[in-house]
Structure formats: structure tokens, C-alpha cells
Amino acid sequence: MSLLPATDTRPAETKRVARSRAGASSRPVQLSTRGHRWLPWLGALLPLTLLALWQYLSLTGVFSAVQLPAPSRVVAAALDLLGRGQLGIHIAISTQRVLLGFTIGALLGLALGAWVGLSRWANLLAAPTIGALRAVPSLAWVPLLLLWIGIGENSKVTLIAIGAFFPVYTTVSAALAHVDPKLVEAARTFGIRGLGLFTTVQLPAVLPAVVSGLRLALAQAWLFLVAAELLGASMGLGFLLTDSQNNGRTDRLLLAIVLLAILGKLTDLALGAFERWVKVRFPSN
Amino acid sequence: MSALTLKHTLTACDINFSGIAKSFAGERGAVHTVLEGVSFTAYPGEIISIIGSSGCGKSTLLRVAAGLEAASAGEVTIDGAAVRGLDSRVAIGFQEPRLLPWRSIAKNVALGLPKGTPKDDARQHVDALLRLVGLGDYAAHRPREISGGMAQRASLARALARNPGVLLLDEPFGALDALTRIKMQDLLLDIHAQDPATILLVTHDVEEALYLSDRVIVLGTSDPHSPATITRTVEVPGHRPRDRGDLDLALLRKELLAELGVEEH
């Protein structure tokens, strides 16, 4: 008899511990992948298959070497450009343009988005105009930018900033306009106003949306980078694209595309990690 | 709980409503008057419940008292000084806890503290309040990690942190289950016995009104199209803590329910 309660409490205890552990993990997805460590690598399956298909198609001569050079030729082109010291410059200048344009555009988007989202007057006054500017296709700005700023770094960074501005502006202004009015009212009844209200309630409430907007803006920045470099550049991955097209260097052209994919994905991964942290630190419920 | 004493003692205020009316702009320039000629005074430390059928303007009256909305006519005064806009002498507890989801319970309660409270005082005061409402062990938890009843207690602690002369409660226990509601009512009475702030409580629960308050004010209308006003004021017999099964209260409850249009069988 005396043994029975002792044997009974053990499973109950372990069950409680197991439950509290499950409760501590905020992402149940982690639990389901814990037993299958290879699952995250599933995303690599498709690129590897494509690579194999690419190699097969070019080796069997389905496409000519000019149409589709083999992956090995692309790697050789990369090593060649690296050896001449050009590849590093192309990557560095493109990354610099993206980061500069993204930073400027995102900061302006944050500022104007906050202004329009928080002030009813600003919304009435400025929102229609900004909305109309947003409707202008990105490439339509190029002639004007060339005319005003000239073919230099400034016009390229400006175009990228325009591209990064709108996703941030749109998400920030919309998110701020939709912060739970009950939370705002509660804070106001405790004497919190103005800047204090913004930093205590509104900013934390919209942070997850802001970071989502930043991710969109970064993708836009890479998009606009290529647009900027296709038209009048002497360096950068977009220049490598047009230059290779003119010289018939399909291997370098493919290299530029692969590099754009890798760079875009890497910068997005960094922001994605930040986004996950923000969502845990500033939950919306 | 009774052994706990708060460092800041509340100094209850009286609050006077004189001829309060509230109208809203309706469609096509029409004016919809919700309240008219509401006059009464709550004395320091008194608990007054305001009951009435839904949509009669109970919450609107409370929002006017809080300075969240301006009265169309009449004036609310607290200790003789008119309420214009949000008032530091008033704290509000809403039907929903309205806690900031990204802040710990302790930091949410600290939001209620008057501006410029020194850091050490603030921490001690928040600790005391959390223990008062039975959340001493949950200071570091986030709102979504605690139950609805606990969140409502945190909300009450936040209102008390303001050290209010008048505590306005807008159906604070309305969203809670019956058992939690009973516990919260007793908790409110414990707190009030310790620091008797003046409390105005809007509720749709007649039993709750009779159990908690010194007076019950009934808001109602003679016909559905006219604005609501005070149709009856009831002095609740006896002293707190009251017996929930008291016969007088049961009869009074039946009477008030009948007045609100509910006939019991």
C-alpha cells in the first residue's frame, strides 16, 4: 500500500514537467522538427535538383553553350573575375548601393509613415499625394533622376531609396492607424500623452508590422538596384548583367543572377531573424 | 491580504454630477440624446452602483466623469473642482483588462503610477499592489500567460496605483466567470475597506450592485425614444460585508429587476 502513492506520483510529476516545458516554448513548430534535424535542409533540395538538371541539359547539348553554359563554366567565370579583382568590386558596390538606399528610404518611410499614421491632419493633407506618387512605376523616375542628379551614385541610391520608401511608409502608416484604440485610451487615462504615448503604446504595438515592412523594402531595394544599374553604370551586378549580354558572356550573366539571388536571400535572412526576435519580444496579444 | 498596508493611502474625494446631458451627432445632422438631467453626489468613500438596461448610457456617464468625453450640458465636479479632460484624481478600470501585451504584469501596473514617482518607491508600491490583488508571484509574467481573472486583477492594481480619489469601474467583472466574479467582488471590498476610495461602479448585474454598494442608481427611460435619466435611487440596507443570501436584498433584487423589465418566475 505504501508503495502505491509513490509510484503514482512519479508519472504525474513528469507529466507536469513535460507540460511546463511545452508551455515555455513559444513556437510549437520547433517541437515537431526536433526529431527530424534534416527537415530545414528540405529547402536545399530544389536548388540542388535544378543544378543537376542544368548540368545535365548543358552536357547533353540540348542547349548550346551560348544559350546555357554548364554550372562548371559559371564557377570558372566567377573564379576568373575574382582573379582580376572585379567580382569583389561588383558585389561591394551593389551591396553598398542597396544598403545606403534601403537605409535612407526606410528612415524616410518610418518618419512620414509615423506622421501620416498618427496625425489625422497629416493623413488628410499628405496621404493622397503620397499614394499617387506610389502609383508611378519605378522606371518612370529614371529619366527624371538622370536629368536632375546625373549618372552617378546619387541617382542610383535615390532610385533604390524610392523603392524602399513605399513598403515601409505603407505598413507603418496603416499599422499606426490601426493600433487598438482601447489600449491607447487606457494609457491616456493614466496620463500618458504625446511622445510618451508613442514610445509606450503605439511604437511597440506596430514594431512587428514595421519589421515586415522593412523586409519588403529590402526586397524592393534589390529590385530597384538592378533597375538603376541596368541604365548607365560602370560597376555592380546590374552592370555585369548588361555588359555580359552585350559581350555574349552567358556564363557571367548567369553568375550575376545567382549572386543576386544569394545576396538577396542572405540579407533577408538577417532581417528575418530580427523579425522573429521582435515578434517574441513585442507580441500583439 | 488584510495584513498588507499600502504606503500611499488613498484620500477619497466626493464627486458631483449636476444636470449632466450627453448627445451624439446622428445621421443626417440628427442629434441623438442619450442622457439628460443626471444629478447626484457620491460622498467620499462611498460605493455607488449604476445599473440600467444595455445602451441606456451607463458607460457614457462614467466616461464623462473620467473626462474621456465632454458632457453636452451640466458639470461634473470632484471636491468642488470641475472635471475638464482627463483628470489625475480619477482612475478607471475597464471591462477588458487592456494590459499592454509586451510588458510584464509588474510593468503594466507601474503604468498607473503618478508621474515622477521615485524608482524605489515605484517598485515597492507595485510589489505591494501585486500582493494586494494576489499576483505577487506573477510580476514577471506577460498578460497572455495569465488567466482572464488574473489579468482583470492586474488591471485593478494598475488603477489603484494611480492613488485615485475616485475609482470608476466600467463593468469590471462582466467578462469573468461566475466564481471568479464572486472572488473579485470580495477582493474589491477588501481593498475598499483598507483604502476607502469613492467608487462608481457600472454593472448590469443587480445582485453585484446590491452586494457591493451603499447606493444603487437606476438609469432608465419612460419611453424608448427619450433620453435616459435617474429613475430611482436605492439605499441598500445593512452594512458590508453583506450576506449574499439576505432576504431583504433578494426582495430588492426582484424589485429592481422588475424595474429593468425582467419579471422573475
Side-chain angles (χ1 to χ4, degrees), chain A residues 16-31 114 118 120 171-172 175-176 178-212 274-285, chain B residues 59 62-69 83 85-104 107-117 122 140-146 148 151-152 154-164 166-170 172 175:
Chain A
R16 194 181 58 77
V17 169
R19 209 185 298 131
S20 72
R21 267 203 200 128
S25 165
S26 55
R27 276 170 296 156
V29 183
Q30 268 196 342
L31 275 179
L118 287 174
R120 204 167 61 90
T171 45
V172 170
L176 277 175
H178 292 106
V179 172
D180 185 355
K182 290 186 166 181
L183 285 186
V184 175
E185 184 182 78
R188 282 181 56 226
T189 64
F190 292 110
I192 301 165
R193 300 188 284 272
L195 192 63
L197 189 65
F198 180 70
T199 55
T200 315
V201 182
Q202 284 146 330
L203 185 64
V206 302
L207 262 185
V210 171
V211 184
S212 300
F274 180 57
E275 185 181 24
R276 276 193 298 282
W277 178 82
V278 164
K279 279 187 173 160
V280 171
R281 178 66 187 79
F282 298 97
S284 55
N285 61 24
Chain B
S59 293
L62 215 60
R63 292 174 65 82
V64 169
L68 281 171
E69 277 170 39
V83 172
L86 294 166
D87 202 294
S88 60
R89 296 165 294 181
V90 172
I92 315 170
F94 298 96
Q95 181 170 5
E96 325 79 21
R98 302 198 188 184
L99 302 173
L100 300 179
W102 51 84
R103 282 190 172 221
S104 68
K107 284 190 172 161
N108 263 292
V109 171
L111 271 186
L113 292 168
K115 260 189 193 151
T117 309
H141 283 58
R142 296 276 185 86
R144 71 166 156 197
E145 294 165 337
I146 61 175
Q152 200 56 277
S155 169
L156 185 60
R158 182 181 60 182
L160 292 170
R162 194 144 169 81
N163 198 20
V166 178
L167 181 59
L168 305 172
L169 299 172
D170 188 2

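Chain letters run A, B, ... following the sequence lines, proteins first and then strands; every chain starts at 1.
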Heavy-atom distances under 4.5 Å only: say whether B/R103 touches chain A with side chain, backbone, both or neither. side chain
Straight-line distance of B/K107 NZ to B/L111 CG, nearest 0.5 Å: 10.5 Å
Is any NZ, NE, NH1 or NH2 atom of the basic residue among A/K182 and A/D180 found under 4.0 Å from an Asp or Glu carboxylate oxygen of the other? no
Heavy-atom nearest pair, B/P164 first then B/V90, reads CB-C, 4.2 Å
For a quick test of reading the model, state the closest non-hydrogen atom pair linking B/R142 to B/P101 and the distance between them. CD-O, 3.6 Å
Per-residue contact mode, B/E96 against chain A (heavy atom under 4.5 angstrom): side chain
Do you know which of B/L113, B/L68, B/I92 has the most heavy-atom pairs with chain A at a distance under 4.5 angstrom? B/L68
If every non-hydrogen atom of A/L197 is compared with every non-hydrogen atom of A/A187, which pair is closest and at what distance? CD1-CB, 3.7 Å
Leading residue by heavy atom contact count with chain B [cutoff under 4.5 Å; candidates A/G196, A/P283, A/A186]: A/P283
Please flag which part of A/S284 lies under 4.5 Å from any non-hydrogen atom of chain B: side chain, backbone, both or neither. backbone
